[in-house]
Undergrad: 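Got a structure here, written out as structure tokens. Questions coming.
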Amino acid sequence: MYNPHEFLVDNVKRQVAEFLVSKGFAVEPAQVEVRKAPKTFGDLAVPLFTISKVVKGLSVEEVSTLFGGFKPSGLVKSSKVENNFLNLVVDEKRYAEVVYSSVVRLGDNYGFVPAETRERIIVEHVSANPIHPLHVGHLRNGVLGDSLVRLLRARGHEVKAHFYVDDVGLQVAYAAKAFSIVGGEGQGKKDHFVGTLYTAINLLIEVKKLREKAKSASGDELAEINSKVSEYLWRLGELSEKFPGLIEKLLEWVEKTEDPEAELRRLNRMYEEGDPSTVKLTRRVLDYCLEGIRETLDRLGISFDSWDWESELTVWSGATSDVIDKLRGLGLVERRDGALVFRADLLAESEDVRRAAGIPPGFTVTPMTLVRSDGTTLYTTRDIAYSIWKLSRADRVINVIAVQQTLAQAQLRLALYALGYRDVGRRLIHYSYEMVNLPGTRMSSRRGVYVSADEVIEEAVARAKEEIAKRGVGDVGDAEKVGIGALKFFFLSQTPGKVLTFDWKRVLDFEQNSGPFVQYSYVRALGILRKASEEHIRPDELNVGDVGEEEHPLILLVGEFPNVVKEAADNLRPDLLASYLNTLATEFNRYYDSYPVLRAPTTSKKYSRLAVVKMVEQTLKNGMKLLGIEAPQRM
RNA sequence: GGGCCCGUAGCGCAGUCAGGAAGCGCGGCGGCCUCCUAAGCCGCAGGUCCCGGGUUCGAUUCCCGGCGGGCCCGCCA
């Protein structure tokens, strides 16, 4: 028994259908709709207007009257017709047997309902530019991606987590040049050091350009330029304080170089061509920075099975030029001002193509430049080649990518459709998430305006340490688990499709509706079980034979868990699981406060309550694992 | 100008896909630790579900039109 909730619902459907059949109406169990009832009405509800649609010739009122005579049995202990709903209360004693035996038998695998077909799935996520530290946006991406990986694995799929290393774009040349100017390695965390260089060289070049522009500007334009220049200089001053000496070296290069941007474009082209010394120079900074990024990811418990280098997979392999040649051969490419343009817009005129490529009707698709007039390719062009690589290794590819890329991802799918991937809409999924806002500002890695993931982690862990110390129960060494648990829950508990404003107060709120709240509830359950074991009560002595009304809500919730995991995995909705865990934790805390377990009125009550606590503990544990949240033993 | 997303209690959000019984947290107010960890629990206050039409027996949910906010429409990524 993998899914007690489904078993329960099937039981209800059968009873309702049999009841109708006994009254002379031919109804199949599958035609009966069962949903969760609002708490005050019961556990489950059958909307009777749906029955009146299925049963010909009966009005809702007649159906309601009819169900007044419904006698529940099996897993249902009572029923009542209210507001055109048949409200049902589950028999917690009988249902508890079903749920408990499932939890005990499956243990750490409780909640994992195997999918009908086992798919090979690639989840590509984080994929941050390897030239600066991860910021809060990447944190949202990685936490979501990682929980998708875990959820899909729980469904029995063969899932690989991939990190796409974008080492081809022009921005890489900036970092590489800056890194070589200052002579490589510096102090501090590696990715932060590289990020500083990257920001600094960007700002320096920007200032140089603005000053050039200022010479021929006047009035408002000049004022605007001056204000930008002073803002950038102020940022540079800050960086200079953090890393004395570096900025001066970069400044020297920017000053003495006639056209720094042209120089960087040249460097970029040489990298694309695979020039050995440029590759060596560039890879040095990228590897260096990735070490820092990996350190952050390790700390977060986010791991990858594959690091896919854009240069190797798409450029040096020749895959991108193959793609361009093939698209040209299909007659969907035209030349505009020396550039090659893929007419995604023409392709999107067909409704059939849209359906197959997963483009919503009405969504405006624009043409897409494949090759610049200087012969170099663009990110999305190379992404076509990369996607082909991924599609050859998986049944389904899930890309966790910001919502801003929606159009580019649509163009990508259309290109793949044209190249023969007729089911690309189903196989290549843009798992889109909204951006993370900083109150007041707009983040930009290039300008160095961002909150790094490391800062956020540090702050959360420090806060956790404080809280643990304040209480004196737990181990301050668990601050890492609690702080990071808080962070992950924060990002997971909100639907990905909504803009998230990064609010320190909410991230560091460890009360209800938070990671630490769920962890705390788990620890409480664990504490009871620990004491039981100190009393030499063996797990096999526990049973749910004497559960009652008090345990009713917990039994229902625990039984629902596998179904929640299934829904969360199949619909790619980790937030469903986060919200479920919060509900279970809340319900458990209520129970904890209201009913003594170890000091239950009778021995048989005690053993049954312990069995329920055991179920809750197992469920919270398995659920947190799926969100990538670790739990301490005490806190 | 076109497209996509969002608008639900003072604030942050769930519910909207498959229409049917308005929910959670924070904040506010008031209670609860001689009893398994108070990161907890209980109670109270707080809502024209942005507005206007339409479809429907029934709309926060679907459709149309507005309004407000965000994002995208680059030979950037």
Side-chain angles (χ1 to χ4, degrees), chain A residues 33 35 37-41 45 47-50 59-60 82-85 87 127 129 166 168-171 336-341 360 362-366 368-383 401-408 410 432 434-435 437 445-446 464 467-468 470-474 482 486 493-495 497-501 503 505-506 509-521 523-532 571 575-576 578-579 582-583 585-586 588-600 609-610 613 634-635:
Chain A
E33 186 186 325
R35 56 178 78 168
K39 234 182 192 163
T40 47
F41 292 103
L48 295 176
F49 29 84
T50 63
S59 69
V60 180
E82 289 157 296
N83 308 329
N84 297 329
F85 284 91
N87 291 316
S127 302
N129 272 327
D166 176 12
V168 177
L170 188 59
Q171 75 285 350
R336 282 188 189 176
D337 304 323
L340 290 182
V341 174
F363 183 87
T364 306
V365 178
T366 54
M368 165 197 163
T369 303
L370 289 174
V371 182
R372 295 188 188 95
S373 45
D374 71 355
T376 57
T377 57
L378 286 99
Y379 177 85
T380 310
T381 314
R382 299 186 296 267
D383 204 7
I401 300 177
V403 67
Q404 285 91 328
Q405 304 260 11
T406 303
L407 174 61
S432 149
E434 263 286 2
M435 56 181 207
N437 266 343
S445 303
R446 203 169 52 76
E467 292 292 318
I468 293 170
K470 195 165 86 192
R471 282 155 236 269
V473 183
V482 175
S493 57
Q494 190 157 161
T495 28
K498 280 193 182 179
V499 177
L500 194 153
T501 299
D503 176 3
K505 241 180 44 215
R506 268 197 322 119
D509 176 10
F510 291 179
E511 290 178 36
Q512 206 166 337
N513 213 345
S514 75
F517 173 72
V518 175
Q519 289 168 321
Y520 176 71
S521 313
V523 163
R524 280 182 136 183
L526 212 55
I528 295 176
L529 296 173
R530 189 187 304 116
K531 291 203 165 132
N571 299 307
D575 55 299
L576 296 180
S579 146
N582 183 58
T583 306
T586 303
F588 179 68
N589 279 308
R590 203 192 325 268
Y591 182 74
Y592 186 99
D593 265 34
S594 313
Y595 307 104
V597 174
L598 295 168
R599 257 157 285 187
R609 286 181 176 179
L610 279 169
V613 172
R634 298 167 204 268
M635 66 187 278

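All values derive from a computational prediction rather than experimental measurement. First the proteins, then the strands, lettered A, B, ... as listed; each starts at 1.
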Undergrad: Indicate whether OP1 or OP2 belonging to C76(B) is found under 4.0 Å from a side-chain N or O atom of Arg372(A).
TA: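 Yes, within the criterion.
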Undergrad: For a quick test of reading the model, state the closest non-hydrogen atom pair linking Thr369(A) to Ala339(A) and the distance between them.
TA: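 Thr369(A) and Ala339(A) have their closest heavy atoms at CG2-CB, 4.2 Å.
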Undergrad: Check every atom of U37(B), A77(B), A39(B) against the side chain of Asn129(A) and return the nucleotide holding the closest atom.
TA: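 Comparing U37(B), A77(B), A39(B) against the side chain of Asn129(A), the answer is A77(B).
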Undergrad: Could you tell me how far C26(B) sits from A39(B) if I compare only their P atoms? Round to whole Å.
TA: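 These two P atoms come out 13 Å apart once rounded.
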Undergrad: Where the side chain of Tyr592(A) is defined as all heavy atoms beyond and including C-beta, which of G40(B), U37(B), C75(B) is the nearest nucleotide?
TA: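 Per side-chain heavy atoms of Tyr592(A), the pick is U37(B).
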Undergrad: Taking the side chain from Arg372(A) and the backbone from Thr377(A), do they hold a donor-acceptor pair closer than 3.5 Å?
TA: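 Yes.
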Undergrad: Please pick, from G12(B), G20(B), C35(B), the nucleotide with the shortest atom-to-atom distance to any side-chain atom of Arg599(A).
TA: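 Of the candidates, C35(B) comes closest.
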Undergrad: Using a cut-off of 4.0 Å on non-hydrogen atoms, how would the nucleic acid contact of Val499(A) be classed: base, sugar-phosphate, or nothing?
TA: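 If one applies the 4.0 Å heavy-atom cut-off, Val499(A) turns out to touch the sugar-phosphate alone, with no base involved.
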Undergrad: Hey, does Ser579(A) reach any base, or is it just sugar-phosphate, or nothing, if we go heavy atoms under 4.0 Å?
TA: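 No contact at all - Ser579(A) keeps every heavy atom at 4.0 Å or more from the nucleic acid.
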Undergrad: With a 4.0 Å cut-off on heavy atoms, is Tyr595(A) in touch with a base, just the backbone sugar-phosphate, or nothing at all?
TA: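 Contact class for Tyr595(A): base.
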Undergrad: Base, sugar-phosphate or nothing for Asn589(A)? Non-hydrogen atoms, less than 4.0 Å.
TA: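 Sugar-phosphate, backbone atoms only, no base.
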Undergrad: Spell out yes or no: do the side chain of Thr364(A) and the base of C73(B) have one donor N/O and one acceptor N/O closer than 3.5 Å?
TA: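 Under the 3.5 Å cut-off, the side chain and the base do not form any donor-acceptor pair.
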Undergrad: In whole Å, what separates the P atom of G2(B) from that of A45(B)?
TA: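 Looking at atom P only, G2(B) and A45(B) are 47 Å apart.
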Undergrad: Remember a base hit wins even if backbone is also touched, and classify Leu407(A) as base, sugar-phosphate or nothing at under 4.0 Å, heavy atoms.
TA: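 Sugar-phosphate, backbone atoms only, no base.
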Undergrad: How do Leu170(A) and Phe517(A) order along RNA chain B: which one's closest nucleotide is nearer the 5' end?
TA: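 Per heavy-atom nearest nucleotide, the more 5' residue is Phe517(A).
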Undergrad: Glu33(A) has an atom CD; how far is it from atom C1' of A18(B), in whole Å?
TA: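 Going from CD in Glu33(A) over to C1' in A18(B) covers 8 Å.
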Undergrad: Can you figure out which of A77(B), C71(B), G40(B) approaches the side chain of Met435(A) most closely?
TA: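 The answer is C71(B), which lies nearest to the side chain.
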Undergrad: Base, sugar-phosphate, or nothing: which does Val613(A) touch, judged by heavy atoms less than 4.0 Å apart?
TA: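 No contact at all - Val613(A) keeps every heavy atom at 4.0 Å or more from the nucleic acid.
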Undergrad: Consider the side chain of Arg590(A), meaning its heavy atoms from C-beta on, and name the nucleotide among C42(B), A21(B), C36(B) that approaches it most closely.
TA: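 Taking heavy atoms from C-beta onward, the closest nucleotide is C42(B).
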Undergrad: So, is Arg35(A) near the phosphate of A21(B), with a side-chain N or O under 4.0 Å from OP1 or OP2?
TA: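 So the side chain of Arg35(A) is outside the cut-off, no N or O lying under 4.0 Å from OP1 or OP2 of A21(B).
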Undergrad: Now, which nucleotide makes the Watson-Crick or G-U wobble pair with G10(B), with each of the two distances under 3.5 Å?
TA: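 Partner of G10(B): C26(B).
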Undergrad: Write down the distance separating the C1' atoms in C33(B) and G40(B), rounded off to the nearest Å.
TA: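 Result for the C1' pair: 10 Å, nearest Å.
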Undergrad: Need the pair for C62(B). Rule: Watson-Crick or G-U wobble, both distances under 3.5 Å, any strand; none if unpaired.
TA: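 Per the H-bond distance test, G54(B).
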Undergrad: Describe the nucleic acid contact of Ile468(A) in one word from base, sugar-phosphate, nothing, applying a heavy-atom distance below 4.0 Å.
TA: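 Since a base atom lies under 4.0 Å of Ile468(A), the category is base.
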Undergrad: What is the pairing partner of C32(B), taking Watson-Crick or G-U wobble pairs with both distances under 3.5 Å in any strand?
TA: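 Pairing partner, where one exists within any strand: G40(B).
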Undergrad: For Tyr520(A) and Val482(A), run side chain to side chain contact (heavy atoms under 4.5 Å, CB included): C-alpha distance rounded to whole Å, both residues' side-chain angles, the deciding distance at 0.1 Å, then the answer.
TA: CA-CA 9 Å; Tyr520(A) 176 71; Val482(A) 175; over 6 Å; no
Undergrad: Check the pair Leu370(A) / Met368(A) against side chain to side chain contact (heavy atoms under 4.5 Å, CB included), numbers first and verdict last.
TA: CA-CA 6 Å; Leu370(A) 289 174; Met368(A) 165 197 163; 3.7 Å; yes
Undergrad: Centres of the Phe85(A) and Phe49(A) rings: under 6.0 Å?
TA: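 When the ring centroids of Phe85(A) and Phe49(A) are compared, they turn out to be within the sub-6.0 Å range.
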Undergrad: So does Asn87(A) reach the base of A21(B) with its side chain, donor to acceptor, closer than 3.5 Å?
TA: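 Pair found.
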Undergrad: Tell me what Val60(A) touches on the nucleic acid: a base, only sugar-phosphate, or nothing, going by heavy atoms under 4.0 Å.
TA: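 Nothing: the residue Val60(A), judged by heavy atoms under 4.0 Å, touches no strand.
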Undergrad: Nearest of C73(B), C75(B), C26(B) to any side-chain atom of Gln512(A)?
TA: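 That would be C26(B).
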Undergrad: On a whole-Å scale, what distance lies between the P atoms belonging to G30(B) and G66(B)?
TA: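 Rounded to whole Å, the distance is 49 Å.
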Undergrad: Quick one: label Ala532(A) by what it contacts on the DNA or RNA (base, sugar-phosphate, nothing), any heavy atom closer than 4.0 Å.
TA: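 Nothing, no heavy atom under 4.0 Å.
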Undergrad: Does OP1 or OP2 of C11(B) have a side-chain N or O of Lys505(A) closer than 4.0 Å?
TA: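 No, outside the criterion.
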Undergrad: Just call it for Thr406(A): base, sugar-phosphate, or nothing, with non-hydrogen atoms closer than 4.0 Å on any strand.
TA: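 The residue Thr406(A) makes no contact with any strand.
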Undergrad: So, is C67(B) syn or anti if syn means the angle is within 90° of 0?
TA: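 That one's anti.
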Undergrad: Considering just the side-chain nitrogens and oxygens of Gln494(A), establish if one lies under 4.0 Å of OP1 or OP2 belonging to C13(B).
TA: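 Yes, within the criterion.
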Undergrad: Which of the following nucleotides, G40(B), G3(B), A77(B), is nearest to the side chain of Tyr520(A)?
TA: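 From the listed options, G40(B) comes nearest.
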Undergrad: Check the geometry between Phe85(A) and A21(B) and answer yes if their rings are stacked (centres below 5.5 Å, planes below 30°), otherwise no.
TA: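 Ring-base stacking flag set for Phe85(A) and A21(B).
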Undergrad: When rounded to the nearest Å, what value does the distance between P atoms of G23(B) and C63(B) take?
TA: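 The answer is 25 Å between these two P atoms.
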Undergrad: Of all the nucleotides listed (C75(B), A39(B), A38(B)), which has the minimum atom distance to the side chain of Pro516(A)?
TA: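 For Pro516(A), the side-chain atoms sit closest to A39(B).
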Undergrad: With a 4.0 Å cut-off on heavy atoms, is Asp337(A) in touch with a base, just the backbone sugar-phosphate, or nothing at all?
TA: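 Touches a base.
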Undergrad: Measuring only between side-chain heavy atoms, which start at C-beta, is Arg609(A) closer than 4.5 Å to Pro596(A)?
TA: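 Yes, close enough: below the 4.5 Å cut-off.
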Undergrad: Report the residue (Val403(A) or Met368(A)) whose heavy-atom-nearest nucleotide on RNA chain B is the more 5′ of the two.
TA: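 Mapping each residue to its closest nucleotide by heavy atoms, the 5'-most match is Val403(A).
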Undergrad: To the nearest Å, how far apart are Lys39(A) NZ and G15(B) P?
TA: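 Lys39(A) atom NZ is separated from G15(B) atom P by 18 Å.
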Undergrad: Taking atom P of C76(B) as reference, at what distance in whole Å does atom OH of Tyr379(A) sit?
TA: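 Atom-to-atom, Tyr379(A) to C76(B), this comes out as 15 Å.
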Undergrad: Between G40(B), C71(B), C24(B), which nucleotide has the shortest distance from any of its atoms to the side chain of Asn513(A)?
TA: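 Given the options G40(B), C71(B), C24(B), the side chain of Asn513(A) is closest to C24(B).
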Undergrad: Students often get this wrong, so: under 4.0 angstrom with heavy atoms, is Gly362(A) touching a base, only sugar-phosphate, or nothing?
TA: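 Answer is sugar-phosphate: Gly362(A) comes under 4.0 Å of backbone atoms only.
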Undergrad: Compare side-chain N and O positions of Gln171(A) against OP1 and OP2 of A77(B) and report whether any pair is under 4.0 Å apart.
TA: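 Looking at the OP1 and OP2 atoms of A77(B), neither is under 4.0 Å from any side-chain N or O of Gln171(A).
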Undergrad: Quick one: are Gln404(A) and Met435(A) in side-chain contact, heavy atoms under 4.5 Å?
TA: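 Yes - at least one pair of side-chain heavy atoms lies under 4.5 Å apart.
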Undergrad: If we take the C1' atom in both G46(B) and C17(B), what is their distance in whole Å?
TA: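 Rounded to whole Å, the distance is 30 Å.
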Undergrad: Checking the side chain of Asp509(A) only, and the main-chain atoms of Lys505(A) only, is there a donor and an acceptor separated by less than 3.5 Å?
TA: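 No.
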Undergrad: State which of C36(B), C73(B), C75(B) makes the closest approach to the side chain of Lys531(A).
TA: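 When the side chain of Lys531(A) is considered, C36(B) is the closest of C36(B), C73(B), C75(B).
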Undergrad: How many whole angstroms separate atom CG of Asn571(A) from atom P of G15(B)?
TA: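 One finds 12 Å between P of G15(B) and CG of Asn571(A), rounded.
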